[in-house]
Amino acid sequence: EDRGHELLDRFEEQCRQRNITSETEVVVGDYKREIFQRMLEVDLGILGVNEREPTLSPVVDLAVRSSPKPVLLVRGEYRTINKILVGFDKSALSGHCLQLGANLAELIGARLILFTVAENIPGGQITLASGTRYLARYKLEFIPILKSGDVVQEISAFVDQEGCDL
């Protein structure tokens, strides 16, 4: 418990130095239930995961599967977020991701990559145009990218090549 207070005090000081409003609390009890309850009270949950573990911890797994709010999982050391990649296929879920990504990019001044992988280029161009129209309402820099092929391979290759942060 003392270690928790120490970490949170350091975090609060870093936030104060950057003029960021923060709330911290050390809670003793059923940590799974407490984390889940807090996830209901926020707009975005951010949880750390052990990059050496092949699976999610039970707490993180519960939060990801059960939270009605978006959950961002962070592995490894913190680094400044400069480029955010959002995969977009015109589905409702990808639309929600695009909205969240655009809000976050606008808030922190990051560049957004609107990334579409399509079976055929004409269909992909229509999808990308839809996302581009949506992003026009934001004050942010974004780059539309259209690829064809396997979705996972194309996104992985682009992230490896371009060094996206989120």
Side-chain angles (χ1 to χ4, degrees), residues 11-25 35-49 51 56 59-166:
F11 171 76
E12 284 180 322
E13 179 57 31
Q14 291 172 346
C15 288
R16 268 194 297 281
Q17 290 173 359
R18 292 172 176 83
N19 294 320
I20 298 171
T21 303
S22 67
E23 294 178 26
T24 61
E25 180 180 9
I35 289 173
F36 180 75
Q37 188 61 42
R38 296 311 188 276
M39 294 292 287
L40 298 174
E41 300 168 3
V42 299
D43 297 317
L44 171 66
I46 302 175
L47 299 173
V49 295
E51 60 188 7
L56 298 178
V59 173
V60 172
D61 187 60
L62 176 69
V64 169
R65 293 178 187 279
S66 305
S67 177
K69 308 292 179 78
V71 179
L72 174 61
L73 303 180
V74 178
R75 290 186 180 270
E77 294 292 321
Y78 170 79
R79 65 176 182 247
T80 301
I81 298 170
N82 295 309
K83 283 193 245 180
I84 299 172
L85 183 137
V86 177
F88 183 69
D89 63 5
K90 283 178 55 175
S91 68
L93 182 57
S94 73
H96 295 310
C97 292
L98 185 57
Q99 181 181 16
L100 178 62
N103 286 332
L104 185 58
E106 187 175 56
L107 182 67
I108 66 174
R111 181 181 321 145
L112 186 134
I113 311 238
L114 175 62
F115 200 87
T116 296
V117 180
E119 290 181 16
N120 62 67
I121 296 301
Q125 289 171 329
I126 293 168
T127 299
L128 205 56
S130 174
T132 298
R133 281 191 304 276
Y134 176 79
L135 290 174
R137 68 184 75 180
Y138 290 90
K139 293 180 176 132
L140 60 88
E141 179 184 348
F142 70 93
I143 301 168
I145 303 286
L146 174 60
K147 299 281 185 177
S148 64
D150 179 78
V151 174
V152 174
Q153 288 178 354
E154 291 298 330
I155 290 174
S156 295
F158 186 85
V159 167
D160 287 345
Q161 178 183 343
E162 297 296 321
C164 296
D165 304 304
L166 183 61

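In what follows, residues are counted from 1 in the order of the sequence shown. Model, not experiment: these values are computed from the prediction.
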Closest approach of [X] and [Y], non-hydrogen atoms and distance?
| X | Y | value |
| --- | --- | --- |
| Lys139 | Glu106 | N-OE2, 2.8 Å |
| Leu114 | Gly131 | CD2-C, 3.6 Å |
| Met39 | Val71 | CE-CG2, 3.2 Å |

Does the side chain of [Y] come within less than 4.5 Å of [X]'s, by heavy atoms?
| X | Y | answer |
| --- | --- | --- |
| Thr116 | Ile145 | no |
| Asp165 | Ile84 | no |
| Ile121 | Ser148 | yes |
| Leu135 | Leu112 | yes |

Gln17 CD: over 12 foreign heavy atoms closer than 6.0 Å: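 Count over threshold, so yes.
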Is it the case that atom CG in Asn120 sees more than 12 heavy atoms from other parts of the structure closer than 6.0 Å? yes
Which residue pairs pass the ring-ring contact (aromatic ring centres under 6.0 Å, His included) test when at least one of the two sits in residues 114-134, sequence neighbours left out? Phe115-Phe158, Tyr134-Tyr138
Short side-chain to backbone donor-acceptor contact, [X] and [Y], under 3.5 Å:
| X | Y | answer |
| --- | --- | --- |
| Lys83 | Ala110 | no |
| Thr127 | Gly123 | yes |
| Lys147 | Val117 | no |

Walk me through it: do Glu141 and Arg111 pass the test salt bridge (charged side-chain N to carboxylate O under 4.0 Å, His left out)? CA-CA 5 Å; Glu141 179 184 348; Arg111 181 181 321 145; 3.1 Å; yes
Could you state the interatomic distance from CD1 (Ile155) to CD1 (Ile113), rounded to the nearest 0.5 Å? 12.0 Å
Look up atom OG in Ser66 and atom CG in Asp61, then write down how far apart they are to the nearest 0.5 Å.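 Ser66 atom OG to Asp61 atom CG measures 8.0 Å (nearest 0.5 Å).
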Can you list everything that forms a side-chain contact (heavy atoms from CB on, under 4.5 Å) with Leu72? Sequence neighbours excluded, please.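 Partners of Leu72 by the side-chain contact (heavy atoms from CB on, under 4.5 Å) criterion, ordered by chain and then number, come out as Leu44, Ile46, Val74, Leu166.
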Between Ser22 and the options Glu13, Glu12, Gln14, the side chain to side chain contact (heavy atoms under 4.5 Å, CB included) test singles out Glu12
What pairs of donor and acceptor atoms, side-chain ones from residues 93-102 against any protein atom, are under 3.5 angstrom apart with sequence neighbours left out?
| from | atom 1 | to | atom 2 | distance (Å) |
| --- | --- | --- | --- | --- |
| Ser94 | OG | Asp89 | N | 3.2 |
| Ser94 | OG | Asp89 | OD1 | 2.9 |
| Ser94 | OG | Lys90 | N | 3.3 |
| Ser94 | OG | Ser91 | N | 3.2 |
| Ser94 | OG | Ser91 | O | 3.1 |
| Ser94 | OG | Ser91 | OG | 3.3 |

